[in-house]
2 protein chains.
Amino acid sequence: MKELTERQKQILDFIRHKQDFDKLTPTLREIASHFRFSSPNAALAHVQALRVKGFLKNSPGRARSLQLVNLRQGGRPLAPQIVSVPIYGAIPAGRPMDAEQEEEGCVLIDVDTLGIKPTTRTFGLKVHGDSMIGKSIIDGDIVIIEHGVQPRSGDVVAALIDGQVTLKTFVLQQGKPYLRAENPRYPKLIPQEELQIQGVMVALVRRRK
Amino acid sequence: MKELTERQKQILDFIRHKQDFDKLTPTLREIASHFRFSSPNAALAHVQALRVKGFLKNSPGRARSLQLVNLRQGGRPLAPQIVSVPIYGAIPAGRPMDAEQEEEGCVLIDVDTLGIKPTTRTFGLKVHGDSMIGKSIIDGDIVIIEHGVQPRSGDVVAALIDGQVTLKTFVLQQGKPYLRAENPRYPKLIPQEELQIQGVMVALVRRRK
DNA sequence: TTCACTACTGGACGTTAGAACAGTACTGGA
DNA sequence: TCCAGTACTGTTCTAACGTCCAGTAGTGAA
């Protein structure tokens, strides 16, 4: 990690302060105005430098999309981090973050328990049926799914089959990926062809009935 | 404070989720695309409704300026309440809230998910062994136990047997209380005499190994 | 039947905002 | 003297974004 110049530190502090205080990432023009630059390009140059040096992230073209990159090495945030995870009863098709007609509420849980990075796309899936009884996952359980993670053999994954999301165990058999239901009443092995894996199970929450 | 419609709750949850995970307030178009609206105006209408009802704030004309308003009515937060639940690996003897040498950390979870009153004495118990496999509770699970609640037949309870806490199913047979293990390899029925019931299971949390 | 409310579609407008290009100026080192 | 790096000015282009207007449709109460 490269060192920052004095000016770049000031810019970074200003962004941090604005995010804490206003809960709103400043625009380049707001940065410029604060530092009495007369051109947004001056702010842009600094932001770009901070990006190159790894202190900032952003989504190109997006308004107010600057994000601080947490560089804490070994250090843990003092306050435990809570994230709200939306729960879906079913995901009809497409990417998991679309088509939220079935949204059923929200679980709030700490990042430590989930064991995920807070930037990850994560959602909860309400389990219907007993196809995963062999993994001790039962009807009504809420399975926390992390999207965009490469599953390892034996992981429980949410997979899209016939426009319906179901839970299956991901297995590698002689290097080939298969999906397995954990119930003798279901087909044992499904070749993972044309099947879209929505995510990997990272946690499970069960409420009393 | 007015009630929210189902749809408005979903929108609010989505904004909350996006802010937690992406640290970035979604734009109207992002909300619209998420819910498969074809017009940003649909999202705007909901956001305006949420504004009128006092759940959201924003700065007019500013990009990504939506802010959640934390509502408190008479001291009680309407926003979901988080409780931190201590986890014990074992409870050697006596009352469950004593002798905390075995504390193994903490789960933070919202009261809504637990379905309990926040005033209740609640603790987590790390499950050892497979005596409750029949109830889909496996080794390593964290069982959330509510103390001081009268168990109903069929409830999973934490009971003190020989100075060790184990999970059992509480059953009433002809009016008599018994404890049952949910694994054929364990004794089926234990008369509940001199056995101290520590609490009733209200929820379960499982982390990925 | 009318009316209010919710939940959208579709299009348009003007502002906000990121990004790029072309410069100027200072500094410090080779 | 040249050159790279930092720190800007000034302008412009285009996309992103909030907001508005005009509709449509369903529902449930008066």
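Predicted model, so just to flag it, every value in this text is computed and none were measured. Naming: A, B, ... by sequence-line order, numbering from 1 per chain.
Scored by the side chain to side chain donor-acceptor pair (under 3.5 Å) test, B/Arg51 finds B/Asn58 as partners (sequence neighbours excluded). With sequence neighbours left out, B/Glu182 forms a salt bridge (Lys or Arg N to Asp or Glu O under 4.0 Å) with B/Arg180. Evaluation of the salt bridge (Lys or Arg N to Asp or Glu O under 4.0 Å) rule for A/Arg7 yields no partner, not counting sequence neighbours. In this structure, the salt bridge (Lys or Arg N to Asp or Glu O under 4.0 Å) partners of A/Lys18, at least two apart in sequence or on a different chain, are A/Asp22. Qualifying side-chain contact (heavy atoms from CB on, under 4.5 Å) partners for A/Leu172, counting only residues two or more places apart in sequence or in other chains: A/Ser153, A/Phe170, A/Pro177. By the salt bridge (Lys or Arg N to Asp or Glu O under 4.0 Å) test, B/Arg208 is found to be paired with A/Glu146, residues two or more places apart in sequence or in another chain being considered. Applying the side chain to side chain donor-acceptor pair (under 3.5 Å) test to A/Asn41 and every residue at least two apart in sequence or in another chain returns nothing. Under the side-chain contact (heavy atoms from CB on, under 4.5 Å) criterion, B/Ala42 pairs with B/Phe37, not counting sequence neighbours. A/Gln8 meets the side-chain contact (heavy atoms from CB on, under 4.5 Å) test with A/Leu4, A/Thr5, A/His46, A/Ala49, A/Leu50, A/Lys53; sequence neighbours excluded.
For the pair A/Ser131 (side chain) and A/Ala181 (backbone), a donor-acceptor distance under 3.5 Å is absent.
As a whole-Å value, the separation of A/Arg62 CZ from D/dG18 P is 11 Å. Rounding to whole angstrom units, NE2 of residue A/His46 and P of D/dT9 are separated by 10 Å. Spacing between atom CD of A/Gln48 and atom C1' of D/dC8 amounts to 14 Å, rounded to whole angstrom units.
Between B/Ser39 and A/Pro26, it is B/Ser39 whose nearest contact on DNA chain C lies nearer the 5' terminus.
At the phosphate of D/dC17, OP1 or OP2 sits under 4.0 Å from a side-chain N or O atom of B/Arg64.
Looking only at side-chain heavy atoms (C-beta outward), B/Arg207 and B/Ile142 come within less than 4.5 Å of each other.
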Would you list the protein and nucleotides 22-30 of chain D atom pairs, both N or O, that sit under 3.5 Å from each other?
unit_1: D/dA22; atom_1: N6; unit_2: B/Asn41; atom_2: ND2; d: 3.3

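Residue A/Ala63 is classed as a sugar-phosphate contact, given heavy-atom separations below 4.0 Å to backbone atoms only.
Extent of DNA chain C lying under 4.0 Å from chain A heavy atoms, first and last nucleotide in 5' to 3' order, is C/dA17 to C/dA22.
Pairing of C/dG11, defined by two Watson-Crick or G-U wobble distances under 3.5 Å, is identified with D/dC20.
For residues 27-38 of chain A, proximity to DNA chain D is found at A/Arg36, A/Phe37, A/Ser38, defined as any non-hydrogen atom under 4.0 angstrom from a strand atom.
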